[in-house]
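Data block below; observations after.
Only heavy atoms go into these numbers, but all of them, side chains included; no hydrogens, no water, no symmetry mates. All residue numbers in this chain count up from 1 along the given sequence.
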Amino acid sequence: MSRLKNKVAIITGGGAGIGQATAVLFAEEGAKVVIGDVDETGGEATAAEIKAAGGEAIFVRADISQEADAQKLTDEALRVFGRLDILVNNAAAFVLKGLEASVEDWQRSLGVNVIGTALVSRFASEAMKTTGSGAIVNLGSMSSFIAQPHFVTYSATKAAIIQMTRNMAMDLAEFGIRVNAVCPGTIITQASEKHCAQAGITMDEFKATEGAKHLLNRPGYPREVAQPILFLASDEASFITGTYLMVDGGYTAQ
């Protein structure tokens, strides 16, 4: 299938985890992919994987909390591929703290997750307006809706993403641009491995503990989030905007 044939997509945080899986899947479906990340090694590796499989991709090093970097993603998409059709706002800072969080913690969390998302969306949507169509998929979280211990800094930004999605959908509808969000549950990524190391537990222990909180009795994997992102980004979702899709194994249904 080529559900994204001739489409050009920017994916932030494309060097690992959900972003990496989404970039690879989009390329498989015919998209030309711009991978944005602060991690040059991961970003270049994702681009290389896509090109080795016969796809088209470029890596752009970008810290989306910085306005110039946020703009650079769209500028490079237009320079190399000539247009922009899809934006996946996946990049996030995982600052997991409660009220003890410092000003610097809050600035990092808000800078990437909220301000960075807004900046990239601003520049990308301006490019999409010239073609009269486009799709933006934001990455929320089950943390957008539920309380978790010592998650204030993260959850506040993910809750903001849901309201930003609704507002952006309203503002961009007249230009033919759809905006939706995907909200994952616990997904096994490189961040999970770091968490296990910090918590002094094995990955099997983590999977068992976290998996039991989901109705499907297991955590998810990046490709399982990439598929719903693909749906919302594709023309199959042409009458869907301003909403969110839970991809949480039933966690929030309880």
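At a threshold of 4.5 Å between non-hydrogen side-chain atoms, the residues V182 and V137 count as touching. No side-chain heavy atom of V34 sits under 4.5 Å from any side-chain heavy atom of I11. Within the 4.5 Å cutoff, the side chain of N180 has heavy atoms near those of the R178 side chain. Annotation: side chain of T74 is in contact with side chain of I10 (closest heavy-atom distance under 4.5 Å).
Residue pairs meeting the salt bridge (charged side-chain N to carboxylate O under 4.0 Å, His left out) criterion with at least one partner in residues 185-208, sequence neighbours excluded, do not occur; the list is empty. Pairs engaging residues 215-226 under the salt bridge (charged side-chain N to carboxylate O under 4.0 Å, His left out) rule: E28-R223, R218-E224 [sequence neighbours left out]. Counting only residues at least two apart or in different chains, ring pair (Phe, Tyr, Trp, His ring centres under 6.0 Å) contacts with residues 233-254 comprise F145-Y244, H214-Y251. Annotation: salt bridge (charged side-chain N to carboxylate O under 4.0 Å, His left out) contacts involving residues 84-97, sequence neighbours excluded, comprise R83-D85, K97-D105. Residue pairs meeting the side-chain hydrogen bond (donor to acceptor under 3.5 Å, both in side chains) criterion with at least one member in residues 115-127, sequence neighbours excluded: E67-R122, N89-S121, E126-K129.
In this structure E40 satisfies the salt bridge (Lys or Arg N to Asp or Glu O under 4.0 Å) test together with R61, sequence neighbours excluded. Take T209 and apply the side chain to side chain donor-acceptor pair (under 3.5 Å) test, not counting sequence neighbours, and it matches no residue. Checked against salt bridge (Lys or Arg N to Asp or Glu O under 4.0 Å), K51 has no partners two or more places apart in sequence or in another chain. Under the ring pair (Phe, Tyr, Trp, His ring centres under 6.0 Å) criterion, F175 pairs with no residue at all, not counting sequence neighbours. Partners of D235 according to the salt bridge (Lys or Arg N to Asp or Glu O under 4.0 Å) rule, which considers only residues two or more places apart in sequence or in another chain, are K7.
With side-chain heavy atoms closer than 4.5 Å counting as contact, directly or through intermediates, the hydrophobic cluster containing M203 also holds I188, I201, F206, Y221. Other residues sharing the hydrophobic cluster of L119, ordered by chain and number and joined by side-chain separations under 4.5 Å: I115.
Between A233 and A135, the closest heavy-atom pair is O-CB, 3.7 Å.
There is a path of hydrophobic side-chain contacts, each under 4.5 Å, that joins I86 to I18.
In this structure, the separation between CD1 on I162 and CG on N138 is 8.0 Å, given to the nearest 0.5 Å. One distance of note links CZ of R108 with OG1 of T157; it measures 11.0 Å at 0.5 Å rounding. Rounding to the nearest 0.5 Å gives a distance of 12.0 Å between CZ of F123 and CD1 of I64.
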